[in-house]
> 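This is the structure, below, for whatever I ask next.
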Amino acid sequence: MLRTPLAIALATLALPLAAQPPAAGPHDFIDAFRALSGEHKGIRKGHAKGVCAEGEFVPSDEARTRLASPLFAGPGLPAQLRFSMAGGNPRVPDNARSPRGLAAEFQLPDGTLHHLAMLSTPVFGAKDPDSFLGLLRAQRPGPDGKPDAGRIAAYREAHPDTRPQAEWLARNPPPWSYANAAYHGLHTFYVQTRQGGALKVRWYLQPQDGERGLDDAELAGAPADFLTQRLAERLRQGPVRFDWIMVLGEPGDTDDDPSRPWPAGRPVFKAGTLSVQRSGGEACTPINFDPNVLSAGFSAGADPILRMRSPAYAISFGLRLGGQ
């Protein structure tokens with residue numbers, strides 16, 4: 001068949017597009033976590049191992065006068081919480097060099113909800129869903145049940161955005177207790193002020209008990225399940241408190257790449273205090289801690305990882321409710 005120059009040019013332009021893999025979708029992440037951790041029916045596909053807790057959030061005076069969201073308007077809000085280990089394995093040992101998570105649901109007086117989803121690392125594991133999915137697939141175990149270290153290293157070398165979190169985890173020991181970790185929001189949000197403007201923010205929860213990591217002996221031989229017990233023991237002494245610290249971004253600070261930290265020295269202020277009062281029970285079990293559930297006055301940045309969380313969490317939530 002005779003091919004015109006126009007047809008040849010169009011076919012040539014189409015080749016790179018056809019060769020590109022399809023964009024990562026929410027079902028891909030569910031499948032990737034299953035491949036990494038196995039099938040655990042009725043369990044969260046990510047952060048499978050965890051413990052419920054309950055507490056209260058009390059905004060600071062500065063937040064009440066500065067920020068327009070009703071989240072900061074009243075004297076305090078009840079909080080449903082969940083501390084967790086990263087990954088889809090409900091039996092992962094508590095001394096693993098992986099992130100810890102803290103998720104929170106605040107219920108406002110009118111019944112609306114506000115969610116937080118945080119990690120103990122200051123950056124996320126990749127810049128976007130495609131890069132993160134590729135990392136998860138590179139970590140899949142082989143026939144011997146172990147991941148291929150060479151394959152993972154090669155992927156990180158080709159995707160430098162996947163290195164900062166891994167390097168941070170290698171430098172810093174896992175937390176001694178859930179109460180002794182700082183938890184970072186990772187994503188960028190915009191919060192309306194009472195003056196009609198908007199603040200570009202990231203945030204973290206700073207433990208009032210101070211940060212503490214496992215020592216070398218505990219890294220080598222700690223029991224597999226000590227975090228829940230240590231949290232319960234600490235709560236018998238009184239509430240565990242975290243300061244919610246807002247970090248103010250500047251125009252050049254990324255709002256679409258959670259793998260990149262903002263420069264040090266950005267202004268901060270205390271938005272309030274989260275008090276954990278008790279742990280255990282099942283109050284958090286039916287909650288889908290989607291960080292895109294925001295109260296009035298909050299809006300999300302242009303982060304594709306954050307946008308992917310809603311559909312992926314919804315699929316995991318539906319499977320869990322169905323016993324799958």
Side-chain angles (χ1 to χ4, degrees), residues 57-73 77 79 81 99-104 106 114-128 161 164-165 167-169 171-172 175 179-211 240-276 289 291-307 309:
F57 170 66
V58 177
S60 68
D61 290 340
E62 182 172 2
R64 289 191 187 98
T65 57
R66 189 173 189 178
L67 304 178
S69 172
L71 183 67
F72 305 105
L77 297 170
L81 310 165
R100 277 57 175 155
L102 174 54
F106 305 134
H114 188 105
H115 286 180
L116 305 180
M118 299 159 286
L119 289 182
S120 59
T121 58
V123 291
F124 190 66
K127 67 179 181 179
D128 58 38
D161 60 292
Q165 187 190 63
E167 291 167 354
W168 190 93
L169 288 167
R171 291 193 308 268
N172 294 273
N180 296 109
Y183 297 94
H184 302 263
L186 301 177
H187 306 294
T188 302
F189 295 86
Y190 294 86
V191 188
Q192 292 180 7
T193 67
R194 293 192 177 276
Q195 293 71 40
L199 299 177
K200 180 181 185 179
V201 301
R202 288 184 174 181
W203 58 65
Y204 60 94
L205 296 183
Q206 185 66 36
Q208 291 189 6
D209 283 7
E211 296 182 63
V240 172
R241 295 185 174 90
F242 295 86
D243 294 327
W244 185 358
I245 306 299
M246 293 275 189
V247 183
L248 303 183
E250 297 186 358
D253 295 338
T254 180
D255 76 344
D256 63 358
D257 185 352
S259 72
R260 289 170 52 198
W262 284 355
R266 291 289 184 259
V268 302
F269 71 94
K270 180 180 173 180
T273 301
L274 177 63
S275 298
V276 184
F289 289 103
N292 291 287
V293 175
L294 302 170
S295 56
F298 280 80
S299 59
D303 186 337
I305 290 284
L306 179 59
R307 289 199 299 270
R309 284 184 177 232

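Values below: all heavy atoms of this structure, side chains included; hydrogens, waters and symmetry mates excluded. Every value quoted in this text rests on a predicted model; they were computed, and no experiment measured them.
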> Would Arg266 and Glu250 pass as an ion pair if we require N to O under 4.0 Å?
yes
> Looking only at heavy atoms, what is the nearest atom pair of Phe106 and Leu274, with distance?
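Heavy atoms of Phe106 and Leu274 come nearest at CE2-CD1, 3.9 Å.
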> Could you check whether Phe242 and Tyr183 have their ring centres less than 6.0 Å apart?
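Yes.
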> Quick one: do Lys200 and Asp253 satisfy side chain to side chain contact (heavy atoms under 4.5 Å, CB included)? Show the steps, please.
CA-CA 9 Å; Lys200 180 181 185 179; Asp253 295 338; 4.0 Å; yes
> Give, for atom NE2 of His115 and atom OG of Ser295, the distance between the pair rounded to the nearest 0.5 Å.
11.0 Å
> Less than 4.0 angstrom from a charged side-chain N to a carboxylate O is my criterion; do Asp243 and Lys270 meet it?
yes
> Looking only at heavy atoms, which two atoms of Leu81 and Val276 are closest? And how far apart?
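Nearest pair, atom of Leu81 first, then Val276: CD1-CG2, 3.7 Å.
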> In Å, rounded to the nearest 0.5 Å, how long is the span from OG1 of Thr65 to CD of Gln195?
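One finds 8.0 Å between OG1 of Thr65 and CD of Gln195.
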> Are side-chain N/O atoms of Arg202 and Thr188 paired as donor and acceptor at under 3.5 Å?
yes
> If you define the side chain from C-beta out and look only at heavy atoms, does anything of Phe189 sit under 4.5 Å from Ser299?
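The answer is no; the side chains never approach within 4.5 Å.
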> Between Pro175 and Ala181, which heavy-atom pair has the shortest distance, and what is it?
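That closest heavy-atom pairing would be CG-CB, 3.7 Å.
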> For Val123, does its backbone N or O pair with a side-chain atom of Gln165 as donor and acceptor, under 3.5 Å?
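Yes.
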> Any non-hydrogen side-chain atom of Ile305 less than 4.5 Å from a side-chain atom of Lys127?
no
> Whether the side chain of Arg241 engages the backbone of Pro207 through a donor-acceptor N/O pair (distance < 3.5 Å, no angle test) should be reported.
no
> Atom CZ of residue position Arg260 - does it have more than 12 heavy atoms of other residues, nucleotides or ligands inside 6.0 Å?
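No, the 6.0 Å shell around CZ holds no more than 12 heavy atoms from other groups.
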> With rounding to the nearest 0.5 angstrom, report the CG to CD distance, Asn172 to Glu211.
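Reported to 0.5 Å precision, the distance equals 8.5 Å.
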> Less than 4.5 Å apart, any side-chain heavy atom of Tyr204 and any of Val247?
yes
> Run the side chain to side chain contact (heavy atoms under 4.5 Å, CB included) test on Leu119 and Leu186 for me, step by step, so that the C-alpha distance in whole Å, both residues' side-chain angles and the decisive distance to 0.1 Å come before the verdict.
CA-CA 8 Å; Leu119 289 182; Leu186 301 177; 3.6 Å; yes
> List the atom of Asp256, the atom of Pro304, and the distance in Å for their closest heavy-atom pair.
O-CD, 3.4 Å
> Once you round to the nearest 0.5 Å, how far does CG of Asp257 lie from CH2 of Trp262?
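Taking CG in Asp257 and CH2 in Trp262, the distance rounds to 12.5 Å.
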> With heavy-atom distances below 4.5 Å as the criterion, would you say the side chains of His187 and Leu306 are in contact?
yes
> Starting at CG of Leu77, measure out to NE2 of His114 and round the result to the nearest 0.5 Å.
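One gets 10.5 Å once the value is rounded to the nearest 0.5 Å.
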> Any side-chain heavy atom of Leu199 within less than 4.5 Å of one from Thr193?
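In short, these two side chains touch, coming nearer than 4.5 Å.
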> Rounded to the nearest 0.5 Å, how far does CZ of Arg307 lie from CG of Asp128?
10.0 Å
> What is the minimum heavy-atom distance between Pro261 and Ser259, and which atoms define it?
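Shortest heavy-atom contact: CD-O, 3.8 Å.
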> Hey, would you say the Trp244 and Phe72 ring centroids sit under 6.0 Å apart?
yes
> Do His184 and Ser120 come close enough that some side-chain heavy atom pair is under 4.5 Å?
no
> Within a strict 4.5 Å, meaning less than it, do heavy atoms of the Pro99 and Leu169 side chains meet?
yes
> So, is the end of the Arg66 side chain (NZ or CZ) under 6.0 Å from the ring centre of Phe269 and within 45° of the ring's axis?
yes
> List the atom of Ala179, the atom of Val240, and the distance in Å for their closest heavy-atom pair.
CB-CG1, 3.7 Å
> With a 4.5 Å limit on heavy-atom distance, are the side chains of Leu248 and Val268 in contact?
no
